[in-house]
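In what follows, every chain begins at residue 1, and chains take the letters A, B, ... in the order their sequences are listed. Just so it is clear, the values below take in all heavy atoms, side chains as well, and ignore hydrogens, waters and symmetry mates. Note that the coordinates shown come from a computational prediction; the quantities given were computed from them, not determined experimentally.
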Amino acid sequence: MSKEYNHKQIEEQWQQFWADNEIYKVKEDTSKPKYYVLDMFPYPSGAGLHVGHPLGYIASDIYSRYKRLKGFNVLHPMGYDAFGLPAEQYAIQTGQHPAITTDVNIKRYREQLDKIGFSYDWSREVRTSNPDYYKWTQWIFIKLFHSWYNPKTDKAEPIETLVKIFEKKGFHGVDDTILNGGIEMDFVTFSGNEWKQFSEEKKQKILLGFRLAYLSDTYVNWCPALGTVLSNDEIKDGVSERGGHSVERKLMKQWSLKITAYAERLLQDLNYLDWTDSIKEAQRNWIGKSIGSSIEFIVQNSTLSIEVFTTRPDTIFGVSFIAIAPEHEMLSELVDPDFIDDVAAYVDEAKNRSERERQADVKRISGQFTGRYVIHPFTGNEIPIWVADYVLAGYGTGAVMGVAAHDTRDFAFAKHFNLPIPQVVKPTTPESEVETLHATSLQEAFDAKDGILVNSSFLNGLSVKDAIKRAIEEIEKRGIGKGKTNYRLRDAIFGRQRYWGEPIPVYYKDGLPYTIDESELPLILPEVDKYLPTEDGEPPLARANNWKYQGKYEYELSTMPGWAGSSWYFLRYMDNKNTEEFVGNVAKDYWKQVDLYIGGSEHATGHLLYVRFWTKFLYDMGLIPMKEPAKKLINQGMIQGLTNYLHTGIETNNQFEIIGWNDNIQGSDNELGRGKVKIDDVIYEISDKNAQWLVPIEFTDGKGRLYKDNFDSFISFSQFKTNLRRLYGNEEKKPDRFNWILDGERRYLVLKQEVEKMSKSKYNVVTPDDIIEEYGADTLRLYEMFLGPLEQSKPWSTQGIEGVHRFLKKLWRLFYNDNALLVNSEEPSKQELKALHKLIKKVGEDIENFSFNTSVPAFMICVNELSDLKCNKREILSDLLVCLSPYAPHITEELWQNALGNTCSIVTAAFPSFNSDYLVESSFSYPISINGKHRENIEFTLEANPADIESIVLANETVQKWLEGKAPKKVIFVKGKIVNIVV
RNA sequence: GCCCGGAUGGCGGAAUUGGUAGACGCGCUGGUCUCAAACACCAGUGAGCUCACCCUCGUGCCGGUUCGACCCCGGCUCCGGGUACCA
């Protein structure tokens with residue numbers, strides 16, 4: 001039994017042991033309380049895991065192991081979100097089937113995950129690209145298709161209940177609907193009898209508009225480079241999140257899911273979730289509820305009217321123009337003949353401006369007068385109608401009433417086009433400069449809701465709040481509008497014109513979509529010769545040979561988006577082998593919802609909203625017993641990478657001229673030749689994050705690279721910190737990247753470090769494998785926790801990892817010394833028990849509070865104390881190992897079984913119970929403060945009488961000195977805390 | 001612009017939530033062991049001063065509440081993240 005701490009051998013051995021003995025396998029077991037810990041679904045990318053990924057996994061693993069030790073039956077599964085764009089892009093480039101790429105990537109992920117020693121029950125693994133899995137994704141889609149949202153019962157119902165309503169009462173327009181998202185549909189009204197007379201085709205067309213999964217013409221985010229549409233949350237900064245390609249607006253027939261029907265419930269139920277405030281806030285903003293009113297404006301000399309939505313109906317008397325979106329459906333009807341050309345030109349221009357240009361250019365004001373007017377419903381005045389691209393077609397009614405004085409954008413628009421800016425709200429703030437009602441003097445719009453209405457007929461003198469109420473009353477009384485709530489949330493576009501996704505289980509008959517029968521699921525993704533669109537621009541599935549329903553009907557050719565499979569995966573883990581149901585009753589009634597969900601905040605408005613939506617839908621259908629997927633949610637911070645930027649250059653005329661880079665400097669991304677450097681080629685342990693250095697070229701290898709060896713000599717050469725000061729004059733001032741003052745005629749290399757997201761393209765990726773190779777998984781696990789609070793983002797640095805590794809070696813030495821086993825069965829001393837129970841208390845509290853970082857020092861302190869006490873006692877060490885085992889499962893398992901001689905796994909142990917008796921102190925060393933400043937410490941028993949303490953403290957030499965003979969004004973005594981003397 | 005976070009030694013970060021600021025680790029300095037290294041161990045390490053004592057200053061800045069403030073309140077500055085013509 002040779003015994004040195006050999007992390008490699010130990011970790012491999014126990015990982016094998018756990019796997020062989022299925023230690024982490026869980027079953028539904030009603031004799032124990034359940035606990036469900038879920039990690040966010042990883043997409044298995046080709047790059048593998050970097051050190052940032054496991055941060056959350058380690059935390060959840062610690063929590064799972066802890067809960068298990070506490071007697072819970074813990075479900076802790078892992079799987080793969082295996083459909084997705086990168087594998088398909090790779091397939092397009094190489095011709096390799098995305099399934100193969102995905103498989104290879106998953107293997108690599110699995111190897112990496114295994115090496116970290118996670119306690120996943122791998123028998124429950126799911127892959128969204130597996131037909132056994134996507135069969136049920138398709139099944140849920142079919143359920144969505146055959147459902148509608150009943151606003152009366154406020155839940156989803158089978159479409160048959162809608163048909164019954166139509167048969168009985170017909171349909172009477174918008175009042176009956178819950179259509180409130182980006183998709184507005186025109187429905188004719190009809191009676192029950194008329195409905196019965198309608199042809200099947202007409203009935204289906206009408207029903208389609210009400211289904212939760214529906215097909216409609218809608219403006220979508222079309223990404224030409226990816227050849228697909230994208231949903232709003234897949235676009236960041238106006239470009240595609242994957243790949244950064246430009247996106248344009250396009251009208252297309254698309255599958256959508258009616259998430260907007262759930263807007264209010266998604267919003268309200270946030271209040272009952274134990275999620276971080278930032279995520280809840282992000283969801284609230286994304287849902288974007290605003291309460292206001294619709295108002296109808298009659299178009300002069302016509303039967304048309306324009307409906308607007310406003311949150312400020314109180315400002316109705318301040319309307320000086322109406323602005324409608326370029327895509328507004330009524331536009332063509334209401335343009336004055338003299339203006340047709342101008343309007344057409346404007347609309348054309350506005351439509352062709354890409355989404356990105358629009359966003360990059362929000363300050364540009366543009367618009368076009370239509371030549372027509374509406375009549376103000378209260379004053380009868382003429383109000384001009386404009387087309388303006390600051391009005392969004394998809395929000396509200398696609399038209400706004402322009403209240404120039406009280407809305408920033410309306411104000412800017414009015415100013416630009418010299419429209420009147422009538423003021424109707426007077427600020428209540430006394431020192432206001434906006435006293436005057438002359439519009440020309442207004443410098444900016446007064447948007448605030450604290451003010452008094454003026455120039456507004458029956459609203460005069462009312463506060464904004466009261467005026468809003470009053471205005472809605474009046475608007476409703478006159479039948480020109482009504483109080484209305486709008487949501488920013490849009491329906492989710494559900495089709496992707498791509499290959500690598502779940503086929504939508506729909507075929508077309510007479511141009512109408514029908515779902516295939518549930519018994520025919522799964523609809524298998526067919527093979528295709530190429531993963532590209534066809535020549536006529538059809539999605540890749542059009543390439544599949546003889547792929548027709550019943551040999552004659554066309555299948556839907558688009559596939560589901562990446563988030564389809566991830567919207568319900570937490571359910572499948574409960575019962576992943578079930579071939580009869582998406583999840584069986586026993587499993588779902590036992591596991592219910594996720595108790596703890598750990599993942600990145602980047603999913604705040606995408607995945608986390610969709611999974612809540614699907615959960616609510618499945619609940620409405622009576623298919624699952626819970627309304628929310630996850631009770632508690634924690635976001636782990638991002639571990640960023642340090643990127644080294646290198647520039648070679650030469651000084652000419654006091655300018656630093658970049659003369660180029662070489663093949664190790666990748667991806668120049670601007671004209672100045674900013675390049676990125678492969679991280680292994682240069683030193684990266686540089687402590688000053690913001691520092692930039694000029695490195696004489698002789699320290700490089702002649703190819704622009706600065707190696708470790710040379711870096712050391714460079715540092716001793718230049719004493720770079722002094723150098724830095726000399727170059728900038730003053731180190732407080734951070735220079736711009738290219739603004740250099742150089743001396744001499746030498747060639748230099750500029751090195752700069754930046755903290756950025758870890759990514760392959762930035763050459764700043766650190767993988768867990770390297771760390772595990774050198775220090776072991778236990779060290780990695782402890783170190784990732786030791787880095788700081790879980791939620792905080794931080795750059796990866798290995799500074800300090802040695803300390804954690806040393807701690808494990810020190811722990812080892814409590815058990816072994818030069819191959820000799822030191823463990824004995826002596827009775828523990830009071831001090832030893834105290835050290836142990838301090839730890840038990842701390843670790844338990846820390847884990848319950850998800851404060852994993854603070855446990856690590858507690859372990860260190862405990863081991864330090866036990867080392868100082870030369871404690872090798874079984875009773876103490878045994879509990880210590882169990883406490884530590886969630887963090888460092890391998891070393892503790894090794895010592896548990898081989899040093900302590902246990903025959904069962906430490907995983908099956910029980911977390912030691914904390915006994916406060918061991919921590920009871922009989923005395924306390926009171927800090928003695930004079931005027932709040934700590935001056936002295938005096939030890940007293942805790943039972944000591946405050947009066948006695950006071951007299952002893954006042955007699956103390958140090959205290960006497962500070963009193964300078966004066967009597968203290970006041971003495972504050974807090975038992976067990978402090979004594980403060982006020983002089 | 002708006003919405004969330006955050007700011008503590010040379011570095012990562014602690015501080016029982018109003019009670020001894022800087023735990024623990026890294027780094028650094030000195031020492032022990034060694035032929036030497038590695039490992040390990042011991043001591044010191046916020047800044048300043050007339051440097052082991054003493055004292056002064058010290059948790060981004062300004063002000064307030066309090067016997068007492070990293071913590072609470074008011075007003076800023078900077079950094080990170082999210083989001084944006086949403087009427």
Side-chain angles (χ1 to χ4, degrees), chain A residues 4 236-238 276-282 284-286 288-290 292 308-312 315 323 358-359 361-365 388-392 394-403 406-410 412-413 447 486-490 601-602 604-605 635 637-638 640 687-689 721 755 782-783 786-789 791-795 797-804 806-807 809-810 813 841-842 845 851 853-854 856-861 864 867 925-937 961 968-974 976-983:
Chain A
E4 285 248 320
K236 294 266 135 77
D237 303 323
T276 55
D277 288 337
S278 65
I279 292 279
K280 290 208 252 185
E281 245 344 89
R284 285 189 190 108
N285 291 338
W286 193 261
K289 180 178 184 176
S290 52
V308 302
F309 173 74
T310 178
T311 54
R312 294 291 302 275
T315 61
R358 274 183 151 198
Q359 283 187 7
D361 206 16
V362 286
K363 293 216 172 64
R364 197 180 99 175
I365 296 160
D389 71 357
Y390 82 91
V391 183
L392 302 177
Y395 183 78
T397 60
V400 304
M401 58 179 213
V403 182
H406 305 292
D407 179 279
T408 309
R409 290 147 314 174
D410 295 346
F413 190 82
D447 300 21
N486 247 309
Y487 300 89
R488 197 186 81 113
L489 183 72
R490 311 295 169 77
S601 55
E602 67 272 20
T605 51
N635 295 119
M638 208 196 323
Q640 296 134 320
S687 51
D688 300 53
K689 270 186 239 162
K721 278 185 187 167
V755 175
L782 279 164
Y783 183 62
F786 189 54
L787 275 175
E791 302 90 338
Q792 226 164 74
S793 288
K794 51 235 155 188
S797 152
T798 47
Q799 281 201 7
I801 197 165
E802 292 279 354
V804 172
R806 252 171 239 161
F807 153 73
K809 287 200 257 187
K810 196 163 181 177
R813 288 200 303 272
K841 180 168 190 275
K842 178 84 178 135
E845 285 171 358
S851 172
N853 56 318
T854 49
V856 184
F859 291 126
M860 291 174 170
I861 290 167
N864 286 346
S867 298
S925 172
Y926 282 90
I928 312 299
S929 295
I930 317 284
N931 290 334
K933 277 205 188 304
H934 175 224
R935 298 294 179 188
E936 183 68 276
N937 272 39
K961 198 184 82 189
K969 276 195 191 136
K970 199 172 171 188
V971 177
I972 286 123
F973 169 77
V974 184
K977 295 271 188 195
I978 203 164
V979 180
N980 190 20
I981 297 156
V982 187
V983 182

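- Syn is the classification of B:U17, since its glycosidic angle stays within 90° of 0.
- Residue A:Arg806 has no polar side-chain atom (N or O) positioned under 4.0 Å from OP1 or OP2 of B:C39.
- Note on A:Gln792: only backbone sugar-phosphate atoms sit closer than 4.0 angstrom, heavy atoms only; bases stay farther off.
- Counting to the nearest Å, the P atom of B:G25 and the CZ atom of A:Phe807 are 10 Å from each other.
- Across B:U59 and B:C3, the matching P atoms stand 29 Å from one another, rounded to whole Å.
- With both ends at atom C1', the span from B:A52 to B:G30 equals 15 Å, rounded to whole Å.
- Heavy atoms only, all atoms of each residue included: A:Lys794 and A:Gly788 are closest at NZ-O, 3.6 Å.
- Base-pair partner of B:C51: not found among the strands shown (Watson-Crick or G-U wobble, both distances under 3.5 Å).
- The distance between atom CZ of A:Phe413 and atom P of B:C86, rounded to the nearest whole Å, is 15 Å.
- In this structure, A:Lys809 reaches the sugar-phosphate backbone alone: every heavy-atom distance under 4.0 Å involves primed, P, OP1 or OP2 atoms, never a base.
- Not one side-chain nitrogen or oxygen of A:Asn635 sits closer than 4.0 Å to the OP1 or OP2 atom of B:G5.
- With its glycosidic angle within 90° of 0, B:C51 is assigned syn.
- Ring pair A:Tyr395/A:Phe309 is perpendicular by interplanar angle, where above 60° counts as perpendicular and below 30° as parallel.
- Residue A:Ser929 is out of contact with every strand shown, counting any heavy-atom pair closer than 4.0 Å.
- For A:Glu281 and B:A84, the CD to P distance is 15 Å, given to the nearest whole Å.
- Contact annotation for A:Leu787: backbone-only contact, meaning every heavy-atom pair under 4.0 Å involves sugar-phosphate atoms and none involves a base.
- If you check B:C67, B:U83, B:A23 against the side chain of A:Pro857, the one that comes closest is B:A23.
- Pair assignment for B:G68: none, as no Watson-Crick or G-U wobble contacts are both less than 3.5 Å.
- With its glycosidic angle more than 90° from 0, B:G68 is assigned anti.
- The P atoms of B:G48 and B:A40 are separated by 31 Å, rounded to the nearest whole Å.
- B:G18 and B:A87: their P atoms are spaced 38 Å apart (whole Å).
- No side-chain heavy atom of A:Glu845 sits less than 4.5 Å from a side-chain heavy atom of A:Thr854.
- Atom CG in A:Leu489 sits about 13 Å away from atom P in B:A84, given to the nearest Å.
- Of all nucleotides present, only B:G82 satisfies the Watson-Crick or G-U wobble test against B:C2, with each distance under 3.5 Å.
- When the nearest nucleotides of RNA chain B are assigned to A:Gly398 and A:Val974 by heavy-atom distance, the more 5′-ward of the two goes with A:Val974.
- Taking atom P on both nucleotides, B:G22 is separated from B:G44 by 15 Å, rounded to a whole Å.
- Only the P atoms considered, B:U65 is 15 Å distant from B:C71, to the nearest whole Å.
- Atom CD1 in A:Ile972 sits roughly 14 Å away from atom P in B:U20 (whole-Å rounding).
- Within the nucleic acid shown, A:Ser925 comes within 4.0 Å of at least one base atom, counting heavy atoms only.
- In terms of heavy atoms, A:Ile279 sits closest to A:Ala604 at CD1-CB, 3.4 Å.
- Both A:Arg488 and A:Val856 lie near RNA chain B, and the one whose nearest nucleotide falls closer to the 5' end is A:Val856.
- At a threshold of 4.5 Å between non-hydrogen side-chain atoms, the residues A:Ile972 and A:Val979 do not count as touching.
- With both ends at atom P, the span from B:A14 to B:G25 equals 15 Å, rounded to whole Å.
- The minimum heavy-atom distance linking A:Met860 with A:Gly803 is given by the pair CE-O, 4.1 Å.
- Taking all atoms of both residues into account, the shortest heavy-atom contact from A:Ser925 to A:Asn937 is OG-ND2, 3.1 Å.
- Rounding to whole angstrom units, CG of residue A:Leu392 and C1' of B:C86 are separated by 6 Å.
- In this structure, B:C57 and B:G46 make a Watson-Crick or G-U wobble pair, each of the two defining distances being under 3.5 angstrom.
- For the pair A:Arg284 and B:C86, the criterion of a side-chain N or O lying under 4.0 Å from OP1 or OP2 is not met.
- Annotation: side chain of A:Lys810 is in contact with side chain of A:Asn864 (closest heavy-atom distance under 4.5 Å).
- The nearest whole Å value for the distance from the NE2 atom in A:His934 to the P atom in B:C70 is 15 Å.
- In this entry B:A15 has no Watson-Crick or G-U wobble partner, no candidate having both defining distances under 3.5 Å.
- Counting any heavy atom pair closer than 4.0 Å across all strands shown, A:Asp410 reaches no nucleic acid atom.
- One N or O donor and one acceptor, one from the side chain of A:Arg490 and one from the base of B:C86, sit under 3.5 Å apart.
- Between A:Tyr390 and A:Asp410 the shortest side-chain heavy-atom distance falls below 4.5 Å.
- Whole-Å rounding puts the A:Phe859 CZ to B:G13 P distance at 20 Å.
- In this structure, B:A40 and B:U32 make a Watson-Crick or G-U wobble pair, each of the two defining distances being under 3.5 angstrom.
- For A:Asn486 against B:C86, a side-chain-to-base donor-acceptor contact under 3.5 Å is absent.
- Note on A:Ser278: only backbone sugar-phosphate atoms sit closer than 4.0 angstrom, heavy atoms only; bases stay farther off.
- Counting any heavy atom pair closer than 4.0 Å across all strands shown, A:Arg813 reaches sugar-phosphate atoms only and no base atom.
- Rounded to the nearest Å, the gap between the C1' atom of B:C53 and that of B:C39 is 38 Å.
- At least one side-chain nitrogen or oxygen of A:Asn853 sits closer than 4.0 Å to the OP1 or OP2 atom of B:A14.
- Taking a pair to require two hydrogen-bonding distances under 3.5 Å in either a Watson-Crick or a G-U wobble arrangement, B:C26 pairs with B:G10.
- At a threshold of 4.0 angstrom between heavy atoms, the contacts of A:Asp277 with the nucleic acid are absent.
- Proximity of A:Thr605 to the phosphate of B:G82: no side-chain N or O atom is located under 4.0 Å from OP1 or OP2.
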